[in-house]
**Q** 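Have a look at the structure that comes next, please.
Ligands are counted one by one from 1 in listed order, and the atoms in each one are counted from 1 as well.
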Amino acid sequence: MSKKNILDFSYEELMAYMTEELDVKKFRVDQIVDWIYDKHVFEFQEMSNLSKDFRDFMDEKFFVGIPEPIDIKTSKIDKTTKFLWELRDGNTVESVALFYPKRVSACISTQVGCALKCAFCATGASGFTRDLTPGEIIAQVLAMEKIKNIRINNIVYMGMGEPLLNYENTIKSVKMLNDKRLKNLGGRHITISTSGIVPRIEELAEIPIEIRLSVSLHAPTNIQRDKIMPINHKYPVEELIQACKNYQKITNKRVTFEYTAIKGFNDSEDDARNLAALISDLKVMVNVIPVNDNPAGFEKPSKRFLDTFARILINKGIDVTIRAEKGSDIEAACGQLKKRFIEKQ
Ligand code: SAH
Ligand code: SF4
């Protein structure tokens, strides 16, 4: 029988499997969980309160699926750190740790590549290879904590891939990050970002953890959105907004709209007014992100355009932030992950 990745098991699954199938005592399971999730020890042989026989037994049955860091880059400007991981099958994904005065935030990946091919996104340009397992998703967090000797207290699913197209594994990873016995992170410190997979947004409203939802809108009309986000042909703007309304009706939570601002494409005063009208019935926050370096060659709007754009929204009573770019010197910003590897191919 092949070894199992212990990180793919929820707490309940691990307890049931180890006590019922492997005949291990309950407290032993808790010791192992504590070593992995609290002490960040990922080798059974280093778990010093377990007998040698039991450590060998664990090595026979399981492995702790921590990825290999093959490249770590730290920004000289703001300490933002980008990690390139090698998975067991040789595929690679990236994660980013972002340092703020009182917290550390991690941006994690859910897929190797992405099938959705948004025009401005380097991950999309690399195509889709496969989904990550729940263990591969949470391992990014554990590995960053261990390498940098930090505790991550905020997680955004904004790395490579579309989380809601890897729905089951993403939700399982969220539950495990939230589980008091595992990572113990509150739902309000977990954000899922989606390009707008309408049926899954409605499902997400029903999960028992109150996470934050971020929707990558980027354009206020179908004509514009079709041009930069092929997924819009399947789930057009009006359906997406309706899904957000349904989500809000159930969760009563504010939704964040990500708006990647592109010079001469979606940054005009009319665009701002159209956007304000589109979301007027929703409790929202709009995050304007000047587009980062991208495969399509789109350019950032000038500061004057961004300020005018934001001012129009603010005057309509909408909360707006213009996102400060972090890690720009190491290409760690949204949509830049995997870029270097595409260039190499
Ligand atoms: N697939 C999900 C989550 C990963 S992308 C999604 O699309 O939401 C995370 C965020 O980065 C999204 O809002 C995405 O639109 C944005 N993004 C991608 N490429 C970008 C770029 N070149 N500049 C700015 N934001 C970008
Ligand atoms: Fe995929 Fe998100 Fe990139 Fe679009 S922006 S290609 S959905 S990762």
Side-chain angles (χ1 to χ4, degrees), residues 82 93-96 98 105-132 137 140 155-167 169-170 173-174 190-198 200-201 204 211-219 224-235 240 243-244 255-263 265-267 284-301 306 321-328 331-342:
K82 181 165 81 164
V93 291
E94 289 179 284
S95 320
V96 181
L98 301 125
S105 190
C107 173
I108 58 173
S109 296
T110 53
Q111 297 181 316
V112 179
C114 181
L116 297 186
K117 301 207 176 300
C118 300
F120 44 78
C121 176
T123 305
S126 72
F128 172 76
T129 304
R130 71 166 173 89
D131 285 333
L132 297 189
I137 298 171
Q140 298 166 59
I155 292 175
V156 294
Y157 284 73
M158 289 193 185
M160 295 163 60
E162 168 49 53
L164 300 190
L165 288 183
N166 182 14
Y167 188 80
N169 293 350
T170 293
S173 72
V174 166
I190 302 175
T191 301
I192 291 190
S193 175
T194 179
S195 57
I197 311 300
V198 163
R200 294 302 198 182
I201 290 175
L204 200 56
I211 55 148
R212 292 176 191 265
L213 176 65
S214 192
V215 173
S216 299
L217 186 60
H218 303 325
Q224 286 161 299
R225 203 166 184 265
D226 277 348
K227 289 192 180 129
I228 51 171
M229 299 182 73
I231 191 70
N232 196 66
H233 296 289
K234 191 159 182 192
Y235 303 117
L240 178 54
C244 294
V255 173
T256 298
F257 284 108
E258 305 290 335
Y259 194 93
T260 293
I262 301 170
K263 185 177 178 178
F265 177 76
N266 62 0
D267 63 342
V284 298
M285 150 98 178
V286 173
N287 206 344
V288 179
I289 316 152
V291 69
N292 297 307
D293 260 4
N294 61 85
F298 293 134
E299 290 174 35
K300 291 181 202 297
L306 286 173
T321 57
I322 298 184
R323 194 195 283 169
E325 201 177 8
K326 283 176 87 74
S328 52
E331 297 181 338
C334 271
Q336 295 195 305
L337 303 186
K338 200 77 176 183
K339 181 164 185 278
R340 201 162 59 80
F341 289 85
I342 298 162

**Q** Show me which atoms of ligand 2 lie under 4.0 Å from any heavy atom of Leu116.
**A**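 Counting from 1, the qualifying ligand atoms are 7 (S).
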**Q** Should we say atom NZ of Lys263 is surrounded by more than 12 heavy atoms from elsewhere, each under 6.0 Å from it?
**A**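 Count not over threshold, so no.
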**Q** Which ligand 2 atoms, with their elements, are less than 4.0 angstrom from a heavy-atom of Ser195?
**A**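 Atoms satisfying the 4.0 Å criterion: 7 (S).
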**Q** Given Glu162, Glu258, Gln111, His218, which one has a non-hydrogen atom that is nearest to atom 14 (C) of ligand 1?
**A** His218
**Q** Please confirm whether the backbone N or O of Ser109 pairs with a side-chain atom of Glu94, one donor and one acceptor, at under 3.5 Å?
**A**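 Side chain of Glu94 to backbone of Ser109: no pair is present.
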**Q** Can you check which of Gly113, Ser109, Ala122, Cys118 brings a heavy atom nearest to atom 4 (Fe) of ligand 2?
**A**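 Looking at heavy atoms only, Cys118 sits closest to atom 4 (Fe) of ligand 2.
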**Q** Ser195 heavy atoms, cut-off 4.0 Å: which ligand 1 atoms fall inside?
**A** 6 (C), 7 (O), 8 (O)
**Q** So, regarding Pro163 and ligand 1 (criterion: nitrogen or oxygen to nitrogen or oxygen, under 3.5 Å), is there a contact or not?
**A** no
**Q** If hydrogens are left out, which of Gly159, Gly124, Cys114, Gly161 has an atom nearest to atom 1 (Fe) of ligand 2, that is, the closest non-hydrogen atom?
**A** Cys114
**Q** Is the closest heavy atom of Gly159 to ligand 1 under 4.0 Å?
**A** yes
**Q** Locate the shortest heavy-atom distance separating Ala261 from Val288; write the atom from each residue and the value.
**A** CB-CG1, 3.9 Å
**Q** Within ligand 2, which atoms have a heavy atom of Lys117 less than 4.0 Å away?
**A**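 By the 4.0 Å cutoff, the relevant atoms are 6 (S).
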**Q** Please confirm whether Asn292 comes within less than 3.5 Å of ligand 1 when only nitrogen or oxygen atoms on both sides are compared.
**A** yes
**Q** Between Glu258 and Ser216, is a side chain to side chain donor-acceptor pair (under 3.5 Å) present by the stated rule, with each step listed?
**A** CA-CA 5 Å; Glu258 305 290 335; Ser216 299; over 6 Å; no
**Q** Would you mind reporting whether Phe257 and Cys244 have side-chain heavy atoms less than 4.5 Å apart?
**A**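 In contact.
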**Q** Hey, are the side chains of Leu213 and Thr194 touching, using non-hydrogen atoms and a 4.5 Å cut-off?
**A**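 Sidechains of Thr194 and Leu213: in contact.
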**Q** Test side chain to side chain donor-acceptor pair (under 3.5 Å) on Thr110 and Asn166 and set out the steps.
**A** CA-CA 7 Å; Thr110 53; Asn166 182 14; 5.3 Å; no
**Q** Which of the numbered atoms in ligand 1 are under 4.0 angstrom from any heavy atom belonging to Cys121?
**A**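 Result: 18 (C), 19 (N).
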**Q** Contact between ligand 1 and Gly161 is defined here as a heavy atom of the residue under 4.0 Å from a ligand atom; is it met?
**A** yes
**Q** Not counting sequence neighbours, which residues clear side chain to side chain contact (heavy atoms under 4.5 Å, CB included) with Phe128? List them please.
**A** Gln111, Ala115, Asp131
**Q** Should the ring pair His218 and Phe120 be called parallel, tilted or perpendicular, given that the plane angle runs from 0 to 90° and is split at 30 and 60?
**A**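 Because their plane-to-plane angle is over 60°, the rings of His218 and Phe120 count as perpendicular.
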**Q** Pick one of side chain, backbone, both or neither for how Met229 approaches ligand 2, counting any non-hydrogen atom pair under 4.0 Å.
**A**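 Looking at Met229 and ligand 2, no heavy atom falls under 4.0 Å.
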**Q** Hey, which atoms in ligand 1 end up nearer than 4.0 Å to a heavy atom of Thr194?
**A**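 Answer, ordered by atom number: 6 (C), 8 (O).
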